[in-house]
Amino acid sequence: ANTFEDIERDTTAMGQAVGIIALAAAASSLGSIWYLGFGRILFAVLISLCAYLLWAVLVWVVGTKVMPDPQTSADFAETFRVIAFASAPGLFGAISIIPILGTIIAWLLTPIIWVWSMAAMVIATRQVLDYTETFKAVIVVLIGFVVYLVFWGTMMMLTFGAAVMGGMMSR
């Protein structure tokens, strides 16, 4: 919790925040680089950056406008920074680059990374919105997460579905 308070106050940490999202997205895609290629991995990173940006907007709007506590006062930049740093457990996805074994470990590790990231997201949200109740942070995070998943999933299907279809059409 104290770390997220420090991140909230550190106006110079915006580049680091973007870097963490990008690295976490790249790390989770490393195992797929052999058949997706670098360009598609890069595009997946861009989709993740946009998805986290959308998630941070939702956390900020819902948390400050729809469900604020009396002491809630957060701007978007603070919210984005803490949301971005909460994605740091995704860096462990880099283990997927190990041939065969990495895929197996990644399948086992992915649910743990997701739960860890969600717990970090709840703590980050509680801190940035100055909530006294963790339950409110859970609700705000879940609203953002649903929209994040729909956006991310749609973009990934459109992007990689089109690539798969294009490959099938050229045969």
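By the criterion of side-chain heavy atoms lying less than 4.5 angstrom apart, applied directly or through intervening Ile, Leu, Val, Met, Phe, Trp or Tyr residues, Leu23 is not grouped with Met14; the two fall into different hydrophobic clusters. In the hydrophobic cluster analysis, where Ile, Leu, Val, Met, Phe, Trp and Tyr join through side-chain heavy atoms closer than 4.5 angstrom, Val138 is grouped together with Trp60. Both Phe145 and Phe80 are part of a single hydrophobic cluster, where members link through side-chain heavy atoms under 4.5 Å apart. Note on Met156 and Val146: separate hydrophobic clusters, where clusters join Ile, Leu, Val, Met, Phe, Trp and Tyr whose side-chain heavy atoms are under 4.5 Å apart, directly or indirectly. Criterion: ILVMFWY side-chain heavy atoms under 4.5 Å apart, direct or through other members. Under it, Val57 and Leu149 are part of a common hydrophobic cluster.
Side-chain N or O atoms of Glu78 include one that pairs as donor or acceptor with a backbone N or O of Asp75 at under 3.5 Å. A donor-acceptor contact shorter than 3.5 Å is absent between the side chain of Asp69 and the backbone of Leu129. In terms of modelled atom types and a separation under 3.5 Å, the side chain of Trp152 and the main chain of Ser48 share no donor-acceptor contact. Between the Lys136 side chain and the Tyr131 main chain, no donor and acceptor come within less than 3.5 Å of each other.
Nearest heavy-atom pair across Asp130 and Gln71 is O-NE2, 2.6 Å. Considering every non-hydrogen atom in both Ala13 and Phe85, the closest pair reads O-CE1, 4.0 Å. For the residue pair Ala84 and Ile21, the shortest heavy atom distance occurs at CB-CD1, 3.5 Å. Residues Thr79 and Val59 approach most closely at CG2-CG1, 3.8 Å, considering heavy atoms. Here the closest heavy-atom approach between residue Ala1 and residue Arg126 is recorded as CB-NH2, 3.9 Å. When every heavy atom of Ser117 is checked against every heavy atom of Ser87, the shortest pair comes out as OG-O, 4.5 Å.
For Tyr52 and Tyr148, the distance between ring centers is under 6.0 angstrom. Aromatic rings from Trp55 and Phe151 are positioned such that their centres are separated by 6.0 Å or more.
A distance of 7.0 Å separates CD1 of Ile20 from CD1 of Ile7, quoted to the nearest 0.5 Å. Interatomic distance, Thr134 OG1 to Ile123 CD1, rounded to the nearest 0.5 Å: 8.0 Å. Going from atom CG of Leu142 over to atom CG of Leu58 covers 12.5 Å, rounded to the nearest 0.5 Å.
Side-chain contact between Arg9 and Asp6: present, with at least one pair of heavy atoms (C-beta onward) separated by less than 4.5 Å.
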- Item | Stepwise side chain to side chain contact (heavy atoms under 4.5 Å, CB included) test for Phe76 and Leu53 | CA-CA 10 Å; Phe76 175 72; Leu53 182 66; 3.5 Å; yes
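Applying side-chain contact (heavy atoms from CB on, under 4.5 Å) to Thr125 and the options Val62, Ile83, Val82, Ile139 leaves one that passes, Ile83.
By the 6.0 Å contact criterion, CZ on Phe92 is open, its count of non-hydrogen atoms from other residues, nucleotides or ligands being 12 or less.
Using a 4.0 Å cut-off between a side-chain N of Lys or Arg and a carboxylate O of Asp or Glu, Asp10 and Arg81 do not qualify as a salt bridge.
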